[in-house]
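Notes follow the structure.
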Amino acid sequence: MELPIRLSKSSREPIYHQIENQLKALIAGGQLPEGTPLPSIRALSKDLETSAITIRRAYQDLEYQGFIQTTQGKGTFVAQVEDSMKQQVKVSEVYQTIENAVETALSYDYTIEQIKEIFTEVIDSHRKGGS
Amino acid sequence: MKPIMEFTNIEKRLDSLHIGPINLSVEPGTITTIVGTNGAGKSTLLKLMMNLVKPDQGNIKLLNSFVHGPDENWKKNISYQPQTAVGWNAFTGKSLRDFIAPLYPNWDEVLFKRIVEAFNIPLNKSFVALSQGIQQKLKLALTLPRNTSLLLLDEPTAYMDIPAKEQLMNFIVEWMEHGHRAIVMASHQSADIMKLSDYLVVLKQGKLIDIFEKETLIDTHKQYWFNEALPVEKVPGELFRKATQLISNNPERTEAYLHQHGIAWTALESLNLEEIITLILTK
């Protein structure tokens, strides 16, 4: 199974961390429900063109945090994750996305006031579009 | 974990090349690629592992036994696919299989048949009558199923078309799933092969430049773009610059310097592996 993970070339975030966070988001968002089998370390490292060491590190972190489970001889599966934990992942992802947008705007020399304006415009257009 | 293969202080003098000293350890579960320009000594390194070339100095161990010396029992634990198969021309794929399979106790006939089928290899034609691409595929079909602890592949993607390369990568991934194994490949910068690797051993004219874990290499090489001209002095970490573009092999120090001097970059990007290897081999 191929996972919809996209690694960014322009991020300073280490690759294992990008993989870890995107997997968390897929689990919290319900795209990967409990019990879903995950690709083997070697298979995912081929798909993402990373080393197996990087995938192993991401999987170990996720296992430690309770998002996935590895059963000897059977493979790695999505674990049972509490709703509160899922909520936490979603909130922090939204925060992070908005923070990145603000940083981009600041790097183009927009002022905080201007950024607020843009933000309000985007929100308004969403309200009107009903999306 | 015990290494599958170990090089200790290996040196070898050839006519035009002095290889080493090289220390190298291949751990189970890893894929390593030896990269370097033509004539850097990549194939010789594989031949040293097979004891086809004898070192002037140092030791090579496969699964804790020395590869030199009279006992050649270690040979059933290693498979080697050379660039050129010597002595195969007169034989058909079928007879080559009948010759090779009994030498390896773990020979996987099912895998052999699957590779033959996937690559559409005619087993009844003599090796010399096959195209270079098909020869390459047959070599692979006769090497992977040996199921040894260590697999050595010299330029495995040579002459292969794009779909065949993809199939080869899938076979390699599958082969690696079976536990206590490792692969060492030699390639002069095939992107496909590097992407599949965990470690890159970079050789330049026989000298070992370094052994890099792939993501470390990517994380430590960044390129920056600027709106303004950069200071004339060398920026910490600077590897290369062109007008308003800078490549650094120490992003942390480069960025600290830029912050300190109030220089903002307009874009930041990682380099791809081929670019990094080219920089290492040419700068």
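Predicted model only: the values in this text are computed from it and were never measured.
In this structure, the portions of M169(B) lying under 4.5 Å from any heavy atom of chain A include both its backbone and its side chain. In this structure, chain A has no heavy atom under 4.5 Å from any part of I172(B).
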Taking only distance into account, so ignoring hydrogens and angles, what donor-acceptor contacts under 3.5 Å exist between chain B and chain A?
residue : atom : partner : partner atom : Å
G29(B)  : O    : R42(A)  : NH2          : 2.9
E166(B) : OE2  : K46(A)  : NZ           : 2.8
N170(B) : OD1  : K46(A)  : NZ           : 3.2
E177(B) : OE1  : S40(A)  : OG           : 3.4
E177(B) : OE2  : S40(A)  : OG           : 2.4
D198(B) : OD1  : R42(A)  : NH1          : 3.2
D198(B) : OD1  : A52(A)  : N            : 2.6
D198(B) : OD2  : R42(A)  : NH1          : 3.4
D198(B) : OD2  : R42(A)  : NH2          : 2.7
E213(B) : OE2  : S51(A)  : OG           : 2.7
K214(B) : NZ   : E49(A)  : O            : 3.3
K214(B) : NZ   : T50(A)  : O            : 3.4
E215(B) : OE1  : S51(A)  : N            : 2.7
E215(B) : OE1  : S51(A)  : OG           : 3.0
E215(B) : OE1  : T54(A)  : OG1          : 2.6
E255(B) : OE1  : R12(A)  : NH1          : 2.9
E255(B) : OE2  : R12(A)  : NH1          : 2.5
S270(B) : N    : K9(A)   : O            : 2.7
S270(B) : OG   : K9(A)   : O            : 2.8

